[in-house]
Amino acid sequence: MSTNRLRFAPAPTGSLHLGSARTALFNWLTARGTEGQLILRIEDTNAELTRPELIDNIYRSLDWLQIDFDGEPVRQSERTDLYNDAVERWLSDDLAYVDDGAVRFRVPSEGTTSWDDVVRGKVVFENENIEDFVVRRTDGTATFFTANAVDDFDLGITHVVRGEDLVNVTPKVIMLRKALGAQDLPTFAHLPLIVNEQRKKLSKRRDDVALESYRDRGVLADAMINYLALLGWGPSDDIEVRPIEEIVKLFRLEDVNPSPAMFDVKKLEAVNGEYIRSMEYEEFSDALLPWIADQPWNSLVDRDQLCRVAPLVQERTRVLAEGPPQLDFFFLETPEIDQSAWDKAMTTAEAPLILDSTKTAFTTVDWTVAALHESLRAIGDSLGMKLGKAQAPVRVAITGRLVGPPLFESLHALGRDAVLERIVQAQNRLAGV
RNA sequence: GCCCCCAUCGUCUAGCGGCCUAGGACACCGGCCUUUCACGCCGGCAGCACGGGUUCGAAUCCCGUUGGGGGUGCCA
């Protein structure tokens, strides 16, 4: 039994594409689940793709996802000799010929080229439908086909796991591999495409495909991994959200289904919400920090207060970026009043009464969540109102909005002085002062 | 045009010839809980594209139709 060797071979074309991330993941799951090895190979045969920042971007994204590799990354731009040797050999064996300065591989006009794809079954191409293709450009650089075939062979790759968009290059790569003297074929697995609402391949143009943009909105790496694993694969026990280690154990390439999968942000966020809810309180408030830093009231934030208050919005947060905006009133000197919320809550006949009674009661009430709760409930009772209605004017006075974290916990965290002051401010505003 | 691929609820999937009156999740719609919103819980809506075979029996196997998609660069 030889060990499996897989590779993830991205072309560094900017930020890591969701589809590439999913390919990296399926390679990683296969390698880790079979005690195999995973190599990162940068396909930068094209001169424009060798820019360091593009490559760093790939490293950063994979690192964020915690997809790790065995050994140092392989850069194709550093292996040009290997490719040249191969092309020269093909040339001298008359398997290739010079055409307009480039080198083309001779494709037989008869016969077929085929392989047994793990996810698609047998795929067959008639050789007559494949044209003689370029293996070395006029400028002397190797093309994708050459580099791909040489490296997969040279690096002893046993499993080629990649996107379905590469199915049609496979026969060419197989021909080159044979021309290289290889007796065997790696196991091929062509993963289904990730598509958008229009069922078209996710594209930079139309779709939000950059992995980073999800990270920037506060999708957790584990949630992203978990969700991506569900695109083209599903556990037979129906438990979709689960620890990555379990996914590693359950995942099998043979179970990947061949039909395209739509990227559903709603579901991603639902999965992310589950991950957020399962975080420890401190972990959650720490995780919020980068987004707190983006708030205009960032400088007013007190870490202890943040830790007390963050749990109040934890189960109301699907992506981390949604967290801080719900907390602004805890740190702002005066809450930012939402006009439509104000109009809805304050224009009732009871609103002034509620504010007034609340002010009086809150001046002396025990400053505990239970006592505050009871106090406002009693005020509502006296006016024949349910607490749900009665709390509205107070909520708007304190938080500026109609919806938000639990009111009494919020009052408690804010403190008596701040609360009373905000009630008075609301009364003044109501009176038109 | 040519080549290749795909086809289970709106979406992601389970299913690999009888366990299916097709299961779960997201979304959606009701209800409960409730201090708003959420969370949680309960319930509902909704699918094997179509037509032929094969078989005692087909979502599962085969063929065709239709509908989608991908590729057709000296990009990868």
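A, B, ... follow the sequence lines: proteins, then strands. Residue 1 opens every chain.
Checked against B:G69, B:C12, B:C74, the side chain of A:Ala261 finds its nearest nucleotide in B:C12. The side chain of A:Arg395 approaches B:U35 more closely than any other nucleotide in the set B:G70, B:G24, B:U35. The side chain of A:Pro260 lies closest to B:C6, out of B:G70, B:A25, B:C6. You'll find that the side chain of A:Leu230 is closest to B:C12, out of B:U35, B:G70, B:C12. Comparing B:C26, B:C3, B:C6 against the side chain of A:Ser259 picks out B:C6 as the nearest. Checked against B:A76, B:U35, B:C74, the side chain of A:Phe145 finds its nearest nucleotide in B:A76. When distances run from any side-chain atom of A:Asn46 to the nucleotides B:C4, B:A76, B:C37, the shortest one goes to B:A76. Proximity note for A:Ser236 (side chain, C-beta onward) versus B:A14, B:C74, B:U35: the nearest is B:A14. In the set B:G70, B:C5, B:U35, the nucleotide with an atom closest to the side chain of A:Leu407 is B:U35. For A:Ala102, counting side-chain heavy atoms from C-beta on, the closest listed nucleotide (B:G70, B:C74, B:C4) is B:C74.
The interatomic distance linking A:Lys267 (NZ) with B:C28 (P) rounds to 13 Å, in whole Å. If you measure from atom CD1 of A:Ile398 to atom P of B:U35, you get 18 Å, rounded to the nearest angstrom. Counting to the nearest Å, the P atom of B:G24 and the OH atom of A:Tyr227 are 20 Å from each other. Summarising the geometry, the separation between CG on A:Asp117 and C1' on B:C4 is reported as 12 Å, rounded to the nearest angstrom. Distance A:Leu231 CG to B:U13 P: 6 Å, rounded to the nearest Å. B:A38 atom P lies 16 Å from atom CZ of A:Phe284, rounded to whole Å. Going from atom CD of A:Glu197 over to atom C1' of B:C26 covers 14 Å, rounded to whole Å. The CG atom of A:Asp255 sits 19 Å away from the P atom of B:U60 (whole-angstrom rounding).
Here A:Arg104 reaches the OP1 or OP2 of B:C74: one of its side-chain N or O atoms lies under 4.0 Å away. Put simply, A:Lys266 has no side-chain N or O that comes within less than 4.0 Å of OP1 or OP2 on B:C26. OP1 or OP2 of B:A27 has at least one side-chain nitrogen or oxygen of A:Arg318 nearer than 4.0 Å. A:Thr45 has a side-chain polar atom (N or O) that falls below the 4.0 Å cut-off from OP1 or OP2 of B:A76. Residue A:Arg199 places none of its side-chain N or O atoms closer than 4.0 Å to OP1 or OP2 of B:G10. Here A:Asn257 reaches the OP1 or OP2 of B:A14: one of its side-chain N or O atoms lies under 4.0 Å away. Distances shown here put every side-chain N or O of A:Lys386 at or beyond 4.0 Å from the OP1 or OP2 atom of B:U36.
The residue A:Gly232 sits close only to the backbone: its heavy atoms come under 4.0 Å of sugar-phosphate atoms, none of a base. Residue-level contact check: A:Pro10 touches neither bases nor backbone, having no heavy atom under 4.0 Å from any strand. Within 4.0 Å (heavy atoms only), A:Val124 reaches sugar-phosphate atoms of the nucleic acid but no base atom. The residue A:Ala270 sits close only to the backbone: its heavy atoms come under 4.0 Å of sugar-phosphate atoms, none of a base. In this structure, A:His190 reaches neither bases nor backbone, as no heavy-atom distance under 4.0 Å exists between it and the strands shown. Within 4.0 Å of A:Arg277, counting heavy atoms only, lie sugar-phosphate atoms of the nucleic acid but no base atom. At a threshold of 4.0 angstrom between heavy atoms, the contacts of A:Val169 include nucleobase atoms, whether or not backbone atoms are also involved. Counting non-hydrogen atoms under 4.0 angstrom, A:Glu43 reaches the backbone sugars and phosphates but no base. Within 4.0 Å of A:Asp139, counting heavy atoms only, lies no atom of the nucleic acid at all.
To the nearest whole angstrom, the two P atoms, one in B:G18 and one in B:C61, are 12 Å apart. B:G10 and B:G31 are spaced 24 Å apart, taking the P atom of each and rounding to whole Å. For the P atoms, the distance from B:C26 to B:U66 is 39 Å, rounded to whole Å. To the nearest whole angstrom, the two P atoms, one in B:C62 and one in B:C45, are 34 Å apart. B:U34 sits 13 Å from B:C41 when the C1' atoms are compared, rounded to a whole Å. Taking atom C1' on both B:C2 and B:C9, the two are 36 Å apart, rounded to the nearest angstrom. Comparing B:C16 with B:A22, their C1' atoms are spaced 14 Å from each other, to the whole Å. With P as the reference atom, B:G43 and B:A59 are 27 Å apart, rounded to whole Å.
One can find a donor-acceptor pair under 3.5 Å joining the base of B:G23 and the side-chain atoms of A:Asp238. Taking only distance into account, the side chain of A:Glu164 never meets the base of B:G70 through a donor-acceptor pair shorter than 3.5 Å. No N or O donor and acceptor, one from the side chain of A:Thr143 and one from the base of B:C74, sit under 3.5 Å apart.
Side-chain atoms of A:His373 and A:Thr368 form no donor-acceptor pair, as typed in the model, at a separation below 3.5 Å. Side-chain contact annotation: A:Asn27 with A:Arg162, donor-acceptor N/O pair under 3.5 Å absent. Side-chain atoms of A:Gln295 and A:Asp328 include no donor-acceptor pair closer than 3.5 Å.
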- Query: Would A:Thr348 and A:Lys389 count as a side-chain contact (heavy atoms from CB on, under 4.5 Å) if you check the C-alpha gap in whole Å, the side-chain angles of each, and the deciding distance to 0.1 Å?
  - Reply: CA-CA 10 Å; A:Thr348 63; A:Lys389 273 250 191 265; over 6 Å; no
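Put simply, the residue from A:Leu25, A:Leu268, A:Leu29 that forms a side chain to side chain contact (heavy atoms under 4.5 Å, CB included) with A:Leu228 is A:Leu25. Partner of A:Ser77 under the side chain to side chain donor-acceptor pair (under 3.5 Å) criterion, out of A:Asn46, A:Asp44, A:Thr45: A:Asp44 alone.
Using the six-membered ring where Trp is involved, A:Phe331 and A:Trp297 have ring planes that are parallel, under 30° apart on the 30 and 60° scheme.
Both A:Ala9 and A:Gln391 lie close to RNA chain B; mapped to their nearest nucleotides by heavy-atom distance, the more 5′-ward contact belongs to A:Gln391. Residues A:Leu402 and A:Asp44 both approach RNA chain B. Their nearest nucleotides, taken by heavy-atom distance, put A:Leu402 toward the 5′ side.
Nucleotide B:G40 is matched to B:C32 when pairs are restricted to Watson-Crick or G-U wobble geometry with both distances under 3.5 angstrom. For B:C2, the paired base is B:G71 (Watson-Crick or G-U wobble, both distances below 3.5 Å).
Ring pair A:Phe145/A:Phe105: centre-to-centre distance not below 6.0 Å. Note: A:Phe8 and A:Trp28 fail the aromatic proximity criterion, with ring centroids not under 6.0 Å apart. Side-chain rings of A:Tyr275 and A:Tyr227 stay apart, their centers remaining 6.0 Å or farther from each other.
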